[in-house]
Structure formats: C-alpha cells, structure tokens
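Numbering of residues begins at 1 and proceeds along the displayed sequence.
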Amino acid sequence: MDVTHEINAVRRQVGRREFKAGEARVVTVSRTYDSSLDDLWDACTNPERIPRWFLPVSGDLRVGGRFQLEGNAGGTIERCDPPKSFFATWEYGGEVSWIELRLTPVEDGGTRFELEHIAHVDDERWAEFGPGAVGVGWDTGLLGLSRHLATGASMDPAEGMAWLMSDEGRRFVTLSSEAWREANVAAGEPDESARAAAERTTAAYTGG
C-alpha cells in the first residue's frame, strides 16, 4: 500500500454552517474512485457490501429506518435519492450529529464520493482534537473503500484495528492528522493550536 498516495487522494475541508440548533462544524472528505456511479452507490448502501470495507451493519436501510454499525454509530436515514445521495443522523456516545453522502459522476470517468459530517461541537472540545477527531476515522473508511473497489477484497474489522496499530497504520494516522491540521489552518485556526489538536488526535488513535 502506498500510504502517501492514499492520503493525497483525499480532499479535506473544514467549515461552519447554520444547522438546526445553531452554528455547526462541518468536516468534509471527498475522493474520486475509478468506479461507476451505480457500483459505488451499491458499495455504500448495500448491507452485504458495507461490512467488506467499513463495519458490519444491521437495521432497516430505507428512509425512516434505523441502522447500527457494529461497535460504532447508529442513526436514522432521513433522506435518500438513489443513486446520488442520502442524509442520516449519526448517533454515538449519547450525542447526535449528521452525515450526508453525495456521489457524482466525473467527466473523465469514475465517481466522486463526498461526505459531510455535521456536528454541534463546543469550542473547548474542538480545541482539544479539532477536525481530526472524526476526520481520521473517515480517512480510514475511505481507505477501506478504495481497497474494496480496487480488489473486491473484504476487510475483517479485527484485522483493520490490528493494521492501525502496525507501523504502516500509525504512519497513515499520523499523515491523516497532519492533513486535517492543514485543513483546519486553511479554515482559519491558528497553526499552533491546530498542531496541538492534531498531535492529541494522533495519540488518541494510536494509543501513543
């Protein structure tokens, strides 16, 4: 695996928007995959394929239905426009945020994957970890999706966690945290505080 290539293939953005109860933080990841729109949509929504690159999922994957990712978030699917987009709550640790996935064909072939994670995060918690708190997790998800689309291979969650603790996995997390630091600075965060948050995020993911 070319870790540097995988990191550089992803575009990361950090922003704010008015949403529901007030101003929310928005973390966006996007990447173009060499895959058709229909195939990428199937990979992202088919309960038989999602576990091959992300996590085992259960529930009712339709508008109004609830889903649960094993050992992670659950939520309710609020909108769906196959094969282009869906919007759902993201409920974890007693807190609710939201995700929106958008898929768009690109002119020279392939399909652009873009995911927004919207959350009301207080300034103190944001200062502690910054966008990498969720961003690094989404980076690992996009990495799994890249591998699945390229090879058709399935990933065992236990193997994925073991990989994250390997030298290669730690390097991936470190580079991901640094990329989110850069996105945070581009959004207006002072470099010193963004760097400190990225270092804490790296330590949290690697146990370092």
Side-chain angles (χ1 to χ4, degrees), residues 10 12-13 17 19-21 24-33 35-105 111-121 125 129 131-164 173 176 180 204-205:
V10 178
R12 302 164 184 83
Q13 292 179 285
R17 62 181 281 194
F19 186 80
K20 294 186 181 289
R25 306 274 188 174
V26 184
V27 170
T28 306
V29 290
S30 59
R31 176 172 182 171
T32 298
Y33 290 104
S35 177
S36 69
L37 174 63
D38 288 339
D39 185 58
L40 186 54
W41 176 259
D42 187 69
C44 294
T45 60
N46 185 332
E48 295 183 0
R49 287 186 72 182
I50 294 171
R52 299 179 191 174
W53 62 271
F54 197 45
L55 290 167
V57 61
S58 58
D60 190 6
L61 303 189
R62 61 179 177 83
V63 174
R66 287 193 59 82
F67 68 92
Q68 179 64 51
L69 292 161
E70 186 175 294
N72 203 295
T76 300
I77 300 169
E78 297 189 345
R79 298 196 306 269
C80 187
D81 180 20
K84 298 177 181 178
S85 67
F86 70 77
F87 184 89
T89 63
W90 187 262
E91 303 170 26
Y92 183 75
E95 298 183 346
V96 180
S97 55
W98 297 264
I99 59 170
E100 181 169 11
L101 173 68
R102 296 185 290 270
L103 303 182
T104 310
T111 305
R112 184 169 184 259
F113 171 111
E114 182 176 70
L115 184 139
E116 285 188 346
H117 193 152
I118 308 161
H120 295 104
V121 183
R125 189 187 306 179
F129 294 109
V134 296
V136 172
W138 288 118
D139 275 352
T140 60
L142 266 64
L143 176 65
L145 180 56
S146 173
R147 178 175 178 267
H148 171 65
L149 292 172
T151 68
S154 298
M155 180 191 69
D156 180 87
E159 291 178 358
M161 288 302 298
W163 179 81
L164 278 177
V173 168
S176 172
W180 283 110
Y205 273 93

Would you say [X] and [Y] make side-chain contact, with heavy atoms under 4.5 Å?
X	Y	result
His117	Ser97	yes
Glu116	Trp98	no
Leu149	Asp39	yes

On a heavy-atom basis, which atom in [X] and which in [Y] lie closest, and how many Å separate them?
X	Y	answer
Gly137	Tyr205	N-OH, 3.2 Å
Leu61	Ile77	CA-CD1, 3.6 Å
Pro131	Val27	CB-CG2, 3.8 Å
Gly74	Arg66	C-NH2, 4.5 Å
Ser154	Arg147	O-NH1, 3.5 Å
Gly160	Met155	CA-SD, 4.2 Å

Report task. I would like to know whether His120 and Val96 meet side chain to side chain contact (heavy atoms under 4.5 Å, CB included); could you show each step before the answer? Result -> CA-CA 9 Å; His120 295 104; Val96 180; over 6 Å; no
With no hydrogens and no angle check, is any side-chain donor or acceptor of [X] less than 3.5 Å from a backbone partner on [Y]?
X	Y	result
Ser30	Glu114	no
Trp53	His148	no
Thr89	Thr76	yes

So how far is it from [X] [atom1] to [Y] [atom2], rounded to the nearest 0.5 Å?
X	Y	atom1	atom2	answer
Arg52	Ile50	CZ	CD1	11.0 Å
Lys84	Leu103	NZ	CG	11.0 Å
Arg112	Leu40	CZ	CG	12.0 Å
Arg31	Leu115	CZ	CG	14.5 Å
Phe54	Leu142	CZ	CG	9.5 Å
Phe86	Glu78	CZ	CD	12.0 Å

Query raised in the report: So Asp81 and Phe87, side chain to side chain contact (heavy atoms under 4.5 Å, CB included) or not? Walk me through it.
Result: CA-CA 9 Å; Asp81 180 20; Phe87 184 89; over 6 Å; no
Requested in this report: Kindly assign one of parallel, tilted or perpendicular to the pair Trp90 and Trp138, based on the angle between their ring planes and the thresholds 30° and 60°.
Outcome: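 Taking Trp138 first and then Trp90, their aromatic rings sit tilted (interplane angle of 30° to 60°).
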Query raised in the report: Please walk me through it: do Ile118 and Arg17 pass side chain to side chain contact (heavy atoms under 4.5 Å, CB included)?
Result: CA-CA 9 Å; Ile118 308 161; Arg17 62 181 281 194; 3.3 Å; yes
